Amino acid sequence: MNTSAIKKMEIMNSLSRIRGGSLDKIKEYIDSFLTESDISKPDRGSLKGIWKDKGFERIADLDTELKNIRQEMGNSILERKF
């Protein structure tokens with residue numbers, strides 16, 4: 001795991017132990033830090049067309065096929081022994 005990921009996890013763990021009033025101050029600091037560093041918000045891309053030409057167009061009745069698969073998965077989960 002890279003060091004930035006580890007640092008982020010450590011920060012999040014520390015934040016979980018801080019009381020509510022202090023969280024407001026921390027949020028203000030983070031917001032001011034982000035404003036100063038001019039970090040733009042991530043662009044929300046579209047997922048339209050990600051399944052195109054993946055083979056689903058060859059399934060004659062997709063709704064029925066999905067229903068059957070969900071039923072099989074449900075039965076498989078119910079049959080598990082814990």
Side-chain angles (χ1 to χ4, degrees):
M1 195 179 298
N2 64 28
T3 56
S4 63
I6 293 171
K7 288 178 185 176
K8 287 179 184 180
M9 287 180 10
E10 289 173 350
I11 291 169
M12 291 190 331
N13 286 336
S14 298
L15 286 174
S16 68
R17 295 182 300 211
I18 295 176
R19 296 181 188 212
S22 299
L23 286 174
D24 293 333
K25 294 177 187 176
I26 293 171
K27 180 166 178 3
E28 288 175 15
Y29 173 74
I30 292 172
D31 290 342
S32 67
F33 182 77
L34 291 174
T35 302
E36 290 173 7
S37 56
D38 193 28
I39 298 174
S40 61
K41 293 183 179 178
D43 183 29
R44 295 183 182 250
S46 172
L47 298 178
K48 183 177 181 179
I50 63 170
W51 296 108
K52 185 177 180 184
D53 299 328
K54 301 293 181 195
F56 292 105
E57 59 276 353
R58 291 181 291 206
I59 299 173
D61 189 4
L62 186 59
D63 291 331
T64 303
E65 191 68 27
L66 287 172
K67 182 180 177 182
N68 291 338
I69 291 170
R70 287 183 182 126
Q71 185 67 39
E72 288 175 21
M73 291 296 295
N75 292 338
S76 172
I77 291 170
L78 293 174
E79 290 173 359
R80 291 183 188 171
K81 296 182 181 181
F82 295 99

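The residues of the chain are indexed from 1 along the displayed sequence. All values derive from a computational prediction rather than experimental measurement.
Applying the side-chain hydrogen bond (donor to acceptor under 3.5 Å, both in side chains) test to residues at least two apart or on different chains, the pairs with a partner in residues 56-69 are D61-T64. For residues 11-35, every residue pair satisfying the salt bridge (Lys or Arg N to Asp or Glu O under 4.0 Å) rule, not counting sequence neighbours, is listed here: K27-D31.
Of all heavy-atom pairs between I18 and I26, the closest is CD1-CD1, 3.4 Å.
In this structure, CE on M9 lies 7.0 Å from CG on N13, to the nearest 0.5 angstrom. Between N2 atom CG and K7 atom NZ the span is 10.0 Å, to the nearest 0.5 Å.
Considering only residues two or more places apart in sequence or on other chains, S22 meets the side chain to side chain donor-acceptor pair (under 3.5 Å) condition with none of them. Residues passing the salt bridge (charged side-chain N to carboxylate O under 4.0 Å, His left out) test with K8: none are found, sequence neighbours excluded.
Hydrophobic side-chain contacts under 4.5 Å tie L78 to no other Ile, Leu, Val, Met, Phe, Trp or Tyr residue. Under a 4.5 Å side-chain heavy-atom criterion applied to ILVMFWY residues, the cluster that includes L66 comprises L47, I50, W51, F56, I59, L62 as well.
Side-chain N or O atoms of S76 include none that pairs as donor or acceptor with a backbone N or O of E72 at under 3.5 Å.
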